[in-house]
Amino acid sequence: MTGHQGAAQYAGVYILDNPYCIDVSYDYYIPQDLRAAVSPGVFVTVPFGHGNRKQIGLVATVHNEATAKRIKSIAGLCSERICLSGEMLSLCLYLHEQTLCTVGEAVRCAIPSTAMSHLVDYYS
């Protein structure tokens, strides 16, 4: 899909470590070189907050129009070996809506902790 005009330019991303009060989908711009790899269920690294602190997020949707005016870009992909299927993503979003847990908590219940440890990025 890279290079096609029909490729989605934005992703709706849930930050895994957000508290429930701000646990919503945030729009991020998908850089051209990542458009083929970014799809719902993929884990990405994104800048979050005023300090642009790197956070791990889960892509919930991809679309062509952003709802916010100021859009940050996805910094990169986490491990390509770990992603959620459409059914697992739907289950996590359902748990978020029905049980008042965060998306991050639902993801941690769905994925074994050893697999989640592969999502950690180290910076120097």
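Few gaps surround OH on Y29; more than 12 heavy atoms of other groups in view lie less than 6.0 Å from it.
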Report task. Starting from the C-alpha separation in whole Å, work towards a yes-or-no answer on side-chain contact (heavy atoms from CB on, under 4.5 Å) for R35 and Q9. Result -> CA-CA 7 Å; R35 288 191 185 163; Q9 297 179 16; 3.8 Å; yes
Report task. Kindly determine whether L84 and L91 satisfy side-chain contact (heavy atoms from CB on, under 4.5 Å), including the steps that lead there. Result -> CA-CA 10 Å; L84 296 180; L91 174 63; over 6 Å; no
Query - Stepwise side-chain contact (heavy atoms from CB on, under 4.5 Å) test for Y14 and L93 - result: CA-CA 10 Å; Y14 283 94; L93 296 177; 3.6 Å; yes
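In plain terms, the two heavy atoms of T45 and C78 that are nearest each other are OG1-SG, 3.5 Å. Looking at every heavy atom in both residues, C92 comes nearest to A110 through SG-CB, 4.0 Å. R108 approaches D17 most closely through the heavy-atom pair NH2-OD1, 2.7 Å. In terms of heavy-atom proximity, S39 sits nearest to V62 at CA-CG1, 4.2 Å. In this structure, T61 and V59 approach most closely via the heavy-atom pair O-CG1, 3.5 Å. Taking all atoms of both residues into account, the shortest heavy-atom contact from P47 to Y28 is O-OH, 2.7 Å.
At a threshold of 4.5 Å between non-hydrogen side-chain atoms, the residues N18 and T102 do not count as touching. Side-chain atoms of F43 and L16, non-hydrogen and from C-beta on, do get closer than 4.5 Å to each other. No side-chain heavy atom of F48 sits under 4.5 Å from any side-chain heavy atom of V13. Side-chain contact between L95 and E105 is absent, with no heavy atoms from C-beta onward closer than 4.5 Å. For the pair I22/I15, no side-chain contact is recorded, criterion being any heavy-atom separation below 4.5 Å from C-beta on.
The structure places CD1 of I71 at 11.0 Å from CD1 of I30, a figure rounded to the nearest 0.5 Å.
Taking the six-membered ring for Trp and thresholds of 30 and 60 degrees, H96 and Y20 have ring planes inclined between 30 and 60 degrees apart.
Under the 4.5 Å side-chain heavy-atom criterion for Ile, Leu, Val, Met, Phe, Trp and Tyr, V38 and Y26 are members of the same hydrophobic cluster. No path of Ile, Leu, Val, Met, Phe, Trp and Tyr side chains, each step under 4.5 Å between heavy atoms, connects I74 with Y10, placing them in separate hydrophobic clusters.
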